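Pasting a structure below so you can have a look.
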Amino acid sequence: MKIFNTLTGRKEEFVPLTPNKVGIYACGVTVYDHCHIGHARSAIVFDVITRYLRYKGFDVKYVRNFTDIDDKIINRAREEGITWDAVAAKYTGEYYKDMDMLGVGRADVEPKATEHIAEMINIIKGLIDKGYAYEAEGNVYFSVDRFSEYGKLSKRNREEMIAGARVEVDERKINPLDFALWKRSKEGEPSRESPWGPGRPGWHIECTAMSIKHLGETFDIHGGGADLLFPHHENEIAQSEAYTGKPFARYWVHNGFITIDREKMSKSLGNFFTIKEVLDKFDPEVVRFFLLSTHYRSPIEFSDEQLREAESSIDRYYSTVIRVEDFIERANNLKDELSNAGKIFENRLISFRQNFEQAMDDDFNTALALGHVFELIRETNRFLDKRPSGLKDGELLLKTGELLSEAGNILNIFNKTPREWYLSLMKLKNIGITEKDISEKISERQGARKHKNWNLADAIRKELEDKGIILEDKKDRTDWKVMAG
RNA sequence: GGCGGCGUACCCAAGUGGCUAAGGGAGAGGUCUGCAAAACCUUUAUGCAGCGGUUCGAAUCCGCUCGCCGCCUCCA
C-alpha cells in the first residue's frame, strides 16, 4: 500500500511502526461554529482511510481531537453572551450531528484540549529545560532557531518566511517565527494555573500532547487539511521532536480544499456552505460520493450541479440493485448450469475486488475505486440483459451484491435499500405526494393500460412526472422512482 | 517576493514511461417498450494548455511560455 507523504513529497510504501498496527491522528475542529463542507471533506477522507486500513486487517487506533479552548471560542462566547465552555459544548454537539448524518464514524479516542492541560504544561516545561523554549512576561515561546530542521514539512527556510513579512511582529519573541506554547490570559479570559502564571495553551501544543499521550512519541499517520501544513503541523513537528528527541509522525497526509468559483472555501472569505445547508438539499451519500469522486489531495469545485451529477450516479447504483434483487427474489426453477454470459460475468466479478483494492492501495484513490464500481454496475446490467437463467447465475448476482456492499462499506456509501434511497429523495425534493397516492395512481393507470386506454395511462404518468415521480413499467408491475439529478 | 500545486472530451474526473487514454453526467443514433422509463449497444479527445527537448517509445520525464489556484496570517 502506498501513501503520499507530505514530509518527503513522494508516494511511499506504507510500513507501520509496529506490524499490523496503525496509529493515526487527524486534526479535528475548533468548536466555535457550525462546520462547513470543507470540514466534512477532511473528516470523510480520514474516515475512509481508517475504514480501509481496517478492511486491510490493520489494528487501527484513530485519534481525532477537539480544540475546545481558543481565541475564536472566547470571541464567540462574547457574541452569544454565554460562557466559553458552553460554546464549546454546543458546537461539539453540532459537530456530532453533522458527522453522524454524513456517516463519519467516531474516532477511537476523541481528546479535548482542556482535558490535557497538565500534559501540555509538562511538555512546555521539558522544552524550557532543554533550551528549546523561553518565557517572556507570562508567555512561553518555542524558539525556532534552536530546532535546525524547522521548515522540513512545509519546505521553506526561516529566512524566506521572514522575508514574506506577513509574520506578526511581537517584541517579546526572539525570532518573529517563534510561536506561543503558553499564552498569558488577559483579564476576564478563561485561564489555568501554570508555572508561568495564569494562561492557556497555544494552539499547536495540544496536538503534540494528545498525540503523544494516546499514540506514543512516534506514530504512523498524522493528517489534516492542507491549510494546517504551515504553521500548525510544522510547529507540531518542531516542538514534538525537540521534546522527545525522536521522529514524530512518520507519514503526513493532507487533504485538498473545496473551492467555490475556483477560490478556496473559507470562513474569512464567507464563501462557504455549512454541512447542514447542503444536507437540506442532498442525501448524505450524495455528499460523500461527491467528495470521494475526486482524489483527496486535489481541489474540488463545489456546486449544486456537481452534487446533482453525484446524485444521478448513485441513482444508477440503486437502479441496478433493484434489478439484482428482482432477479434473486424470482429466481426459481433455475437450471443447474452456468450460462455463457455467466462465465464472462464471473471473470469480471473476480477482478473487481482486486481492482478496487489496487485503487485504494494507491494512495487511497477513491475516484478510481468508484470507477471500478461503475464498471461492475455496467457489467451487471449487461449480464441481466442477457436474461440469465442458471442457478449459478443467481449465485453470481448474489456475490455481486456482496462485493458491492463490501466496497460500499469501505466508502460508507450505497448503504441504503433502494426504497430508503427513494424515500430520502422524496423528502429532500419536497415531492408533494405520498407513497400511497402514488400507488393509487399506479393502480388507476394499470386499469387504463389493461383496457389499452393509452391516453389516460400517459396522462397519469405525465401527472406524476410533473411532480418528479418517474414510472417504470415492468413485466408484471409498475415501479416508481424519484427523478434524480 | 519565496515555496508548492494544477491545466485530460461539452461538463466532472482517473491515468504520471509502453496493450484500444478508466468511470460518471450531458448530447446524438439504435435495441427493448403500446409509448415511455430503466438497461444495453454505437457515437462525442489520432488527442492530454502551448512550444521545444530526452527516449526505441511521453498525457506521464526535463526546459521554457501562457493560464488558474494554494501556502507564506486564523483556517479542514
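Each chain gets a letter, A, B and so on, in the order its sequence line appears, and its residues count up from 1. The model shown is predicted, which means the values in this text are computed figures rather than measured ones.
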(request) Write down the distance between CZ (A:Phe179) and C1' (B:C74), rounded to a whole number of angstrom. (result)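 Rounded to whole Å, this separation is 16 Å.
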(message) Rounded to whole Å, please give me the gap between CZ in A:Arg297 and P in B:G4.
(response)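 It is 16 Å, rounded to the nearest whole Å.
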(message) If I take atom OH in residue A:Tyr296 and atom P in nucleotide B:A14, what distance separates them, rounded to the nearest angstrom?
(response)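 It works out to 13 Å between those atoms.
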(message) When you measure from the side chain of A:Asp178 to the backbone of A:Asn175, do you find a donor-acceptor pair of N or O atoms at a distance under 3.5 Å?
(response)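 Checked: pair present.
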(message) If we ignore hydrogens and angles and just use 3.5 Å, is the side chain of A:Glu206 paired with the main-chain N or O of A:Pro201 as donor and acceptor?
(response)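 No.
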(message) Please compare A:Cys27 and A:Thr320 by the position of their nearest nucleotide in RNA chain B and report the one closer to 5'.
(response)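 Here A:Thr320 is the residue nearer the 5' end.
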(request) Searching all strands shown, indicate the nucleotide that pairs with B:C61 (Watson-Crick or G-U wobble; both distances under 3.5 Å). (result)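 B:C61 is paired, partner B:G53.
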(message) If I take atom CZ in residue A:Arg288 and atom C1' in nucleotide B:G24, what distance separates them, rounded to the nearest angstrom?
(response)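 Distance check: A:Arg288 CZ to B:G24 C1' gives 19 Å.
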(request) Starting at the 5' end of nucleotides 25-32 of chain B, put B wherever the base has a protein heavy atom under 4.0 Å, S where only the sugar-phosphate does, and a dash everywhere else. (result) S-------
(message) Expected output is a numbered-order residue list: members of residues 349-372 of chain A with a heavy atom under 4.0 Å from any atom of RNA chain B. What is it?
(response)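 Only A:Asn365, A:Ala367, A:Leu368, A:Gly371 qualify.
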(request) Check the distance between B:A39's P and A:Ile322's CD1 and give it to me in whole angstrom. (result)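 Between P of B:A39 and CD1 of A:Ile322: 11 Å.
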(request) Verify whether one side chain among A:Arg156 and A:Ser154 offers a donor that lies under 3.5 Å from an acceptor in the other. (result)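 Their side chains do contain a donor-acceptor pair, which is all the 3.5 Å distance test asks for.
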(message) What is the distance, to the nearest angstrom, from the NE2 atom on A:His233 to the C1' atom on B:C74?
(response)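 Those two atoms, NE2 and C1', are 14 Å apart.
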(message) Need one value for A:Ile470: base, sugar-phosphate or nothing, where a base atom within 4.0 Å counts as base even if backbone is also close, heavy atoms only.
(response)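 It contacts sugar-phosphate atoms only.
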(request) Test A:Thr320 against every option in A:Thr380, A:Asp315, A:Asn381 by the side chain to side chain donor-acceptor pair (under 3.5 Å) rule and name the one that passes. (result)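 When side chain to side chain donor-acceptor pair (under 3.5 Å) is applied between A:Thr320 and each of A:Thr380, A:Asp315, A:Asn381, only A:Asn381 qualifies.
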(message) Whether the side chain of A:Glu110 engages the backbone of A:Ala107 through a donor-acceptor N/O pair (distance < 3.5 Å, no angle test) should be reported.
(response)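 A pair under 3.5 Å: yes.
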(message) I'd like to know if A:Arg461 reaches the base of B:C35 with its side chain, counting only an N/O donor and acceptor under 3.5 Å.
(response)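 Answer is yes: a donor-acceptor pair is held.
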(message) Output the rounded distance in Å from OH (A:Tyr25) to P (B:A76).
(response)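 In whole Å, B:A76 P and A:Tyr25 OH are 13 Å from each other.
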(request) From the options B:C12, B:A14, B:G24, select the nucleotide whose nearest atom is closest to the side chain of A:Phe374. (result)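 Nearest nucleotide to the side chain: B:G24.
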(request) Quickly, which of A:Asp71, A:Thr114, A:Asp70 forms a side chain to side chain donor-acceptor pair (under 3.5 Å) with A:Arg200? Name it, please. (result)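 Among A:Asp71, A:Thr114, A:Asp70, the one meeting side chain to side chain donor-acceptor pair (under 3.5 Å) with A:Arg200 is A:Asp71.
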(message) Classify the ring geometry of A:Trp252 against A:His233: parallel below 30°, tilted from 30° to 60°, perpendicular beyond 60°.
(response)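 The rings of A:Trp252 and A:His233 sit tilted, inter-plane angle from 30° to 60°.
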(message) Between P on B:C71 and CZ on A:Phe230, what's the gap in Å once rounded to a whole number?
(response)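 In whole Å, B:C71 P and A:Phe230 CZ are 13 Å from each other.
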(request) Could you check whether the rings of A:Phe356 and A:Phe352 sit parallel, tilted or perpendicular, using 30° and 60° as the cut-offs? (result)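 Geometry flag for A:Phe352 against A:Phe356: tilted rings.
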(request) Using the P atom on both, measure B:G1 against B:A13 and round to a whole Å. (result)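 29 Å, rounded to whole Å.
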(message) Using OP1 and OP2 only, check whether a side-chain N or O of A:Arg449 sits under 4.0 Å from B:G34.
(response)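 Result: no.
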(request) Provide the closest heavy-atom pair for A:Arg41 versus A:Arg297 in the form atom of the first, atom of the second, distance. (result)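 Closest approach of A:Arg41 to A:Arg297: NH2-N, 4.4 Å.
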(request) Quick one: look up who B:A45 pairs with, Watson-Crick or G-U, both distances under 3.5 Å, and put none if it's unpaired. (result)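 Its partner is none (no Watson-Crick or G-U wobble pair with both distances under 3.5 Å).
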(request) Over 60° means perpendicular and under 30° means parallel, so classify the ring planes of A:Phe179 and A:Tyr150, tilted if in between. (result)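 Geometry flag for A:Phe179 against A:Tyr150: parallel rings.
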(message) At less than 3.5 Å, do the side-chain atoms of A:Asn157 and the base atoms of B:C3 form a donor-acceptor pair?
(response)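 Answer is no: no donor-acceptor pair is held.
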(request) Hey, which sits more toward the 5' end of RNA chain B by its nearest nucleotide, A:His39 or A:Leu269? (result)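 Nearest-nucleotide comparison on RNA chain B picks A:Leu269.
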(message) Please name the nucleotide paired to B:U31 by Watson-Crick or G-U wobble geometry with both distances under 3.5 Å, or report none.
(response)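 B:A39 is the nucleotide pairing with B:U31.
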(request) Looking at every strand, decide which applies to A:Gly485 at a 4.0 Å heavy-atom threshold: base, sugar-phosphate, or nothing. (result)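 No contact at all - A:Gly485 keeps every heavy atom at 4.0 Å or more from the nucleic acid.
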(request) Check whether the aromatic ring of A:Trp454 stacks on the base of B:G34, taking stacking as ring centres less than 5.5 Å apart and planes within 30° of each other. (result)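 Yes, the aromatic ring of A:Trp454 stacks with the base.
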(message) By the 4.0 Å heavy-atom rule, please label A:Gly38 as base, sugar-phosphate, or nothing.
(response)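 Contact class for A:Gly38: base.
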(request) Under 4.0 Å between any heavy atoms, over every strand shown, what does A:Ile258 touch: base, sugar-phosphate, or nothing? Just pick one. (result)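 Here A:Ile258 touches the bases of the nucleic acid.
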(request) Hunt down the Watson-Crick or G-U wobble partner of B:U20, both distances under 3.5 Å, from any strand shown, or write none. (result)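 The base-pairing partner of B:U20, which may sit in any strand shown, does not exist here.
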(message) Starting the side chain at C-beta, find the nucleotide from B:A37, B:G24, B:A76 nearest to A:Glu472.
(response)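 Closest nucleotide to the A:Glu472 side chain: B:A37.
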(message) Counting the atoms with a prime plus P, OP1 and OP2 as sugar-phosphate, which does A:Lys474 contact under 4.0 Å by heavy atoms, base, sugar-phosphate, or nothing?
(response)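 Nothing, no nucleic acid heavy atom in range.
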(message) From C-beta outward on A:Glu263, which listed nucleotide comes closest to its side chain: B:C74, B:G70, B:A76?
(response)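 From the listed options, B:G70 comes nearest.
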(request) Output yes when a side-chain donor or acceptor of A:Asp361 lies under 3.5 Å from a complementary backbone atom of A:Gln358, and no otherwise. (result)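 Pair absent, no side-chain N/O of A:Asp361 close to backbone of A:Gln358.
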(message) As a test of reading the structure: which of B:C3, B:C71, B:C40 is closest to the side chain of A:Lys155, going by heavy atoms?
(response)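 Comparing B:C3, B:C71, B:C40 against the side chain of A:Lys155, the answer is B:C3.
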(message) Please pick, from B:G23, B:C35, B:C40, the nucleotide with the shortest atom-to-atom distance to any side-chain atom of A:Asp473.
(response)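 Nearest to the side-chain atoms of A:Asp473, counting from C-beta on, is B:C35.
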(message) Under a 3.5 Å cut-off for both contacts, is B:G70 paired Watson-Crick or G-U wobble with anything, and if yes, with which nucleotide?
(response)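 Paired with B:G70, as far as the under-3.5 Å criterion goes, is B:C3.
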(message) Which nucleotide, if any, forms a Watson-Crick or G-U wobble pair with B:A14, using both distances under 3.5 Å?
(response)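 Looking at the geometry, B:A14 pairs with no nucleotide.
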(request) Ignoring the backbone of A:Asn381, work out which of B:C74, B:A37, B:A39 is nearest its side chain. (result)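 Among B:C74, B:A37, B:A39, the one nearest the side chain of A:Asn381 is B:A39.
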(request) Tell me whether the OP1 or OP2 atom of B:C71 has a side-chain N or O from A:Lys264 closer than 4.0 Å. (result)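 Yes, within the criterion.
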(message) I'd like to know if the side chain of A:Asn65 reaches the main chain of A:Pro111, judged simply by a donor and an acceptor atom lying under 3.5 Å from each other, with no hydrogens or angles considered.
(response)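 Absent.
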